[in-house]
There are 2 protein chains.
Amino acid sequence: MATDRTHRPATSTRSRGIPEATVARLPVYLRALTALSERSVPTVSSEELASAAGVNSAKLRKDFSYLGSYGTRGVGYDVEYLVYQISRELGLTQDWPVVIVGIGNLGAALANYGGFASRGFRVAALIDADPAMAGRPVAGIPVQHTDALEKIISDNGVSIGVIATPAGSAQQVCDRLVQAGVTSILNFAPTVLSVPEGVDVRKVDLSIELQILAFHEQRKAGEDILPEGVIPDDETEPPVAPPADTVTKRPDPGSDGDRPAVMPA
Amino acid sequence: MATDRTHRPATSTRSRGIPEATVARLPVYLRALTALSERSVPTVSSEELASAAGVNSAKLRKDFSYLGSYGTRGVGYDVEYLVYQISRELGLTQDWPVVIVGIGNLGAALANYGGFASRGFRVAALIDADPAMAGRPVAGIPVQHTDALEKIISDNGVSIGVIATPAGSAQQVCDRLVQAGVTSILNFAPTVLSVPEGVDVRKVDLSIELQILAFHEQRKAGEDILPEGVIPDDETEPPVAPPADTVTKRPDPGSDGDRPAVMPA
DNA sequence: GCCTGTGAATCGCTTCACAGCA
DNA sequence: TGCTGTGAAGCGATTCACAGGC
């Protein structure tokens, strides 16, 4: 999902190539390990840790094998040691100043989110385009106006930016962030951002997640009615009129006409 | 990534099996199409739409081919028609009542998020464990106490629940939601939820996303300094004791220059 | 000629199954 | 004996490249 942008075939970093899928799971393992650490559990087996992280043990062992041989056969993994190794691999042994742009409901929630500071992330600044917000403290940090964006970025050496603005301003904010030196962006605005080569973008879209759930939910409902049968298979004929010849056509809700087809943004 | 839970071998739905990866992209296509629709663009080619959605055209065509042959060779896709087909496929032509549990900063932001209502989602209720919140309106909806959770779910026929509580209460809330009939959960709490077979869980974790970005960011920094070279020897001893008494295995010590912000050198 | 739809090749991740070692 | 580490098989997703139809 992330880092979609203009593909990255296998850009540099041939050495020590950790699969992207593995990288995405490291934070999950780290969280589970941290919990064990707090309970002073000294070692853990791949089976136990995998269970706590919600994956299967073979996958977990394979993942760890990319980092090195950090376990002990017949015993398991040393919790503290693994916490350190994963933290280091993820780059969490250093401090990452981040800026949050767009202090609306979501931006404010992000600013208040404890999960940032607890890892290596420090909210260096909150930025908003609304002059009325300027100076107002959110989560103990005064909101600054967008005008100062470039200065804030460079003064604080910020390389990670969080965009929580409305979709309309996201690309513009993104451009300014990148121009100012930000090379990683976490985007909450419902828009596809285009960025130059070398800049990473990850997207979090609340409504997309719900839509994916709805897809599966709908299917479940269908199964209740058709325990396994499934419609005779309509692969060939779409339930609704095919793309009417040429220009004129209309989405005729032939099937489960529930309500008008088109839905607003 | 989503629907992690206890594996799903290839659950029913043999026919019309749309790949999970494709399902995850449909909402993105839908958004791009909706934008085109608002600009009254009648048709679009796979190339144009792919560009707007941030994917390549071959992937987009392949994705659409799973839905059916909705395009016209030599022309492209009819925007309105495709909007309808994708909406229907995702189950957005019906109304999905959802409940949000945990009305803190994030929960409130979610309640105010316009992206829900605009699709087929309707916030049926806001639920919080804090009695002081009860009755207080958030986003125009009165918050109700957790005690009423079961009744709310069944009265409204809710099948999708959003958890925005602290990690500590997430599993408990999840259990109650499932018990009450919810079969899809969007989890914002930083915890792995365990649910029975048949229940879908998708997770959104803000700090995990940042950690993934940090990983790549760290790597970029390393490349700047070490264009490809790797410091051969680096007897860096981790601050934490290596795997107990055992040998000092550790494969390839910090092969990439590590930025020791917390670590000795 | 142009653009969709799709078999075939490819790539990457997951899972298996067992060798290797404490 | 118990559990890690890993080659190899398996599987799904992506990409290629071109046939098919407007």
Side-chain angles (χ1 to χ4, degrees), chain A residues 1 3-4 6-10 14 17-26 29 43-51 53-78 81-82 85 235-236 238 242-247 249, chain B residues 1-4 6-11 14 17-26 29 43-51 53-79 81-82 85 242-252:
Chain A
M1 193 163 285
T3 308
D4 217 312
T6 336
H7 52 203
R8 151 185 315 233
R14 179 127 314 297
I18 299 179
E20 190 59 32
T22 294
V23 172
R25 281 187 294 268
L26 291 181
Y29 299 146
T43 61
V44 66
S45 70
S46 64
E47 199 66 59
E48 298 167 322
L49 184 54
S51 163
V55 303
N56 73 53
S57 63
K59 191 185 289 183
L60 177 142
R61 287 200 303 278
K62 180 66 105 180
D63 282 341
F64 286 176
S65 78
Y66 293 117
L67 308 184
S69 295
Y70 295 153
T72 304
R73 294 167 203 246
V75 178
Y77 299 91
D78 179 89
Y81 185 66
L82 206 43
Q85 289 299 345
E235 63 197 311
T236 341
D245 37 318
T246 54
V247 192
K249 83 305 104 258
Chain B
M1 197 167 283
T3 306
D4 219 306
T6 336
H7 52 202
R8 145 183 323 226
T11 321
R14 182 131 317 295
I18 299 180
E20 190 58 33
T22 294
V23 172
R25 282 188 295 268
L26 291 181
Y29 298 146
T43 62
V44 65
S45 70
S46 64
E47 198 67 58
E48 298 167 321
L49 184 54
S51 163
V55 303
N56 74 53
S57 62
K59 191 186 289 184
L60 178 142
R61 288 200 302 280
K62 181 66 104 181
D63 283 342
F64 286 176
S65 79
Y66 292 117
L67 308 184
S69 294
Y70 294 154
T72 304
R73 293 165 203 247
V75 180
Y77 298 91
D78 179 89
V79 174
Y81 184 67
L82 206 43
Q85 288 299 346
D245 50 319
T246 49
V247 240
T248 356
K249 11 195 37 177
R250 216 150 20 88
D252 157 27

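Note that this is a predicted model, so its numbers are computed, not measured. Protein chains get the first letters and strands the later ones, always in sequence-line order, with residue 1 at the start of each.
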Atom-to-atom span, NZ of B/K62 to P of D/dC16 - whole angstrom: 13 Å
Rounded interatomic separation in angstrom, taking OH from A/Y66 and P from D/dT4: 17 Å
Side chain to side chain contact (heavy atoms under 4.5 Å, CB included) partners of B/S57, counting only residues at least two apart: B/S46, B/E47, B/A50, B/R61
At a cut-off of 3.5 Å, list every protein nitrogen or oxygen paired with a nitrogen or oxygen from nucleotides 17-20 of chain D, distance to 0.1 Å.
residue	atom	partner	partner atom	Å
D/dG20	N3	B/R73	NH1	2.9

Residues that B/Y77 engages under ring pair (Phe, Tyr, Trp, His ring centres under 6.0 Å), provided they are two or more places apart: B/F64
Presence of B/T72 side-chain N/O under 4.0 Å of D/dC22 phosphate oxygens OP1/OP2: no
Below 4.0 Å: OP1/OP2 of C/dT15 and any side-chain N or O of A/N56: yes
Atom-pair distance (NZ on A/K59; P on D/dG10), nearest Å: 19 Å
Between C/dC16 (P) and A/L60 (CG): distance, integer Å: 15 Å
Partners meeting side chain to side chain donor-acceptor pair (under 3.5 Å) with A/S45 (sequence neighbours left out): A/E48
Nucleotide C/dG5, atom P - distance to CG of B/D63 in whole Å: 12 Å
Contact under 4.0 Å: A/S46 side-chain N or O vs D/dT4 OP1/OP2: yes
Test log, rule side chain to side chain contact (heavy atoms under 4.5 Å, CB included), inputs B/L26 and B/L67: CA-CA 10 Å; B/L26 291 181; B/L67 308 184; 4.1 Å; yes
Qualifying residues under side chain to side chain donor-acceptor pair (under 3.5 Å), relative to A/S51, sequence neighbours excluded: none
Sugar-phosphate only, base, or nothing, as touched by B/Y77 at under 4.0 Å among non-hydrogen atoms: sugar-phosphate
Of all pairs that satisfy salt bridge (charged side-chain N to carboxylate O under 4.0 Å, His left out), the ones with a partner from residues 63-75 of chain B, not counting sequence neighbours: B/R25-B/D63
Nucleotide D/dG12, atom P - distance to CD of B/E20 in whole Å: 12 Å
Spacing of A/Y81 atom OH relative to D/dT4 atom C1', expressed in whole Å: 15 Å
5' priority, DNA chain C, between B/V75 and B/S65 [closest heavy atom]: B/V75
Side chain to side chain contact (heavy atoms under 4.5 Å, CB included) between B/D78 and B/T72, worked out: CA-CA 8 Å; B/D78 179 89; B/T72 304; over 6 Å; no
Value in whole Å for how far the C1' atom of C/dC2 lies from CD of B/E48: 12 Å
